[in-house]
> 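Quick one: structure below, then a few questions.
Predicted, not measured: the structure shown is a model, and the values here were computed from it.
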2 protein chains.
Amino acid sequence: MKKTNSKTPTTRIQRQKRLVILEAALEVFSKHGFRGSTLDQIASEAGISKPNILYYYASKQEMHKELIERMMDKWLAPLEEMNAKGDPIAEISAYIKRKLEMARDYPRQSRLFNNEILQGAPHIIDLLEGELKILVDEKAKVIANWMKKGRLTKTDPYHLIFSIWATTQHYADFDVQVCAVLGEKSAINHRFKVAQKHLDLLFVRALEVE
Amino acid sequence: MKKTNSKTPTTRIQRQKRLVILEAALEVFSKHGFRGSTLDQIASEAGISKPNILYYYASKQEMHKELIERMMDKWLAPLEEMNAKGDPIAEISAYIKRKLEMARDYPRQSRLFNNEILQGAPHIIDLLEGELKILVDEKAKVIANWMKKGRLTKTDPYHLIFSIWATTQHYADFDVQVCAVLGEKSAINHRFKVAQKHLDLLFVRALEVE
DNA sequence: GTCTATATATTGATAGAC
DNA sequence: GTCTATCAATATATAGAC
């Protein structure tokens with residue numbers, strides 16, 4: 001069989017194996033960051049030997065890069081869905097719901113992103129200053145327009161978006177602290193139900209105009 | 001001169017040198033976490049040779065431990081100051097202001113804490129489940145009492161505190177992203193002034209009862 | 001494709017001259 | 001107290017047998 005470039009897997013088996021490795025890499029990178037993670041940890045987590053890992057991915061960097069790229073698309077989607085023609089309160093409420101569901105369903109992706117930002121975003125700074133800024137500029141304009149029309153209480157649209165990011169991602173990134181403070185009594189489903197209700201009240205009540 | 005134990009510095013010079021090293025260690029640990037940081041980086045940052053660093057601190061662990069301990073006290077103070085006998089809205093507003101000022105003035109301490117939590121809080125989990133939980137339980141009770149008396153809109157007090165933590169610390173931990181989105185136009189002083197105004201509106205408007 | 005063995009670099013920490 | 005030199009452990013990555 002001819003040598004397969006690790007960047008372009010062809011067979012189903014190869015793709016599957018790369019996914020198993022990526023899954024393990026996500027587990028490790030999201031906890032320790034890029035520099036703090038080792039191939040040994042990833043290999044152990046994946047149940048695959050270290051050289052075999054490097055058969056599918058040319059380097060530690062390549063794994064990390066693919067994880068970051070896969071995550072960024074998913075990360076921008078919820079904001080993209082915010083619709084200028086919808087009801088302002090309903091749109092913001094739905095956006096919060098989507099972001100909170102992502103924190104619940106993809107906490108490791110959130111922590112991977114958090115780690116990347118803490119380290120100064122070396123791999124995605126261009127994306128933040130480019131694609132992300134463009135998207136946020138656009139949505140901030142939509143929100144500002146809603147406010148100008150008197151359909152939302154006036155505040156800074158950018159910082160409003162930051163507040164939504166912060167409050168929702170907190171449940172993924174600071175999960176250990178949230179659990180420690182709430183104690184064992186709070187199962188994950190209950191926790192996110194209460195969080196959802198609280199965040200909805202917080203933002204809707206603050207932004208509603210009577 | 002007799003051998004000085006590195007844990008109990010005696011002279012002024014020694015204390016000063018330890019502070020320089022600690023300052024450099026904070027710079028590095030807050031960016032890369034414990035495992036991702038190296039003595040080489042810290043030594044370079046401090047302008048002191050690696051063996052000399054280890055003359056003042058017995059190990060990398062010892063530096064990290066002292067940083068975490070120094071930070072935790074400072075971190076709990078703002079919440080402790082919240083006064084059950086004060087005006088509810090004013091107390092919460094003042095708490096947000098204090099937390100935001102800490103994010104502005106001690107961003108590296110915030111990121112050090114964030115890194116520790118992301119890694120599962122291995123060094124402070126006892127503190128979170130002990131001291132922190134006790135403090136939050138107490139203040140949550142105060143807030144719940146205010147709500148019961150009709151002086152604040154009803155919501156979950158714990159999640160309200162989480163929201164305040166999340167929104168304020170966001171400006172320290174995600175500073176790179178905030179700056180990328182806001183662009184170069186936003187100087188730090190202006191940024192925090194707008195943030196302060198927005199967060200005050202968000203929480204006060206949501207919690208105020210007419 | 002997967003393994004053992006290993007090359008090469010980096011790391012935390014120590015020894016010992018000055 | 002501070003340095004150079006260095007050790008032992010660990011890290012990424014490769015070589016080559018099977």
> Please state how far atom NE2 in A/H32 lies from atom P in D/dA11, giving the value in whole angstrom units.
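It works out to 11 Å between those atoms.
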> Could you tell me whether B/K31 and B/E27 have a side-chain N and a carboxylate O separated by less than 4.0 Å?
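No, no charged N to carboxylate O under 4.0 Å.
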> With A/R18 as the cation and A/Y57 as the aromatic partner, state whether NZ or CZ is under 6.0 Å from the six-membered ring centre and within 45° of the axis.
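The answer is yes; both the distance and angle limits are met.
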> Between A/Y55 and D/dT14, is there a side-chain N or O to OP1/OP2 distance below 4.0 Å?
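Checking D/dT14 against A/Y55, no side-chain N or O comes under 4.0 Å of OP1 or OP2.
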> State whether B/W146 and B/K141 meet the cation-pi test: NZ (Lys) or CZ (Arg) under 6.0 Å from the six-membered ring centroid, and within 45° of the perpendicular axis.
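Cation-pi check for B/K141 and B/W146: fails.
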> Validate the cation-pi geometry between A/K185 and B/Y158: distance from NZ or CZ to the six-membered ring centre under 6.0 Å, angle to the ring axis within 45°.
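Judged by the rule, A/K185 and B/Y158 form a cation-pi pair.
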> Look at B/D175 together with B/R191 and state whether they make a salt bridge at an N to O cut-off of under 4.0 Å.
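Answer for the salt bridge query: yes.
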> What is the distance from CD1 of A/I42 to C1' of D/dA11, rounded to the nearest Å?
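Those two atoms, CD1 and C1', are 12 Å apart.
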> Please tell me if B/N52 has a side-chain N or O lying less than 4.0 Å from either OP1 or OP2 of D/dC3.
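For D/dC3, OP1 or OP2 has a side-chain N or O of B/N52 closer than 4.0 Å.
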> In terms of relative ring orientation, are A/H198 and B/H159 parallel, tilted or perpendicular, with 30° and 60° separating the classes?
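Ring orientation of A/H198 relative to B/H159: tilted.
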> Please pick, from C/dC3, D/dT2, D/dG1, the nucleotide with the shortest atom-to-atom distance to any side-chain atom of A/S49.
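That would be C/dC3.
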> Produce the list of close N/O pairs, under 3.5 Å, pairing protein atoms with atoms of nucleotides 10-14 of chain C; give distances to one decimal.
unit_1	atom_1	unit_2	atom_2	d
C/dT11	OP2	B/D40	OD2	3.4
C/dG12	OP1	B/S37	O	3.2
C/dG12	OP1	B/L39	N	3.4
C/dG12	OP1	B/K60	NZ	3.1
C/dG12	OP2	B/L39	N	2.8
C/dA13	OP2	B/K60	N	2.9

> Given atom CD of B/Q14 and atom C1' of D/dT2, what is their separation to the nearest angstrom?
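Checked: the CD to C1' distance equals 14 Å.
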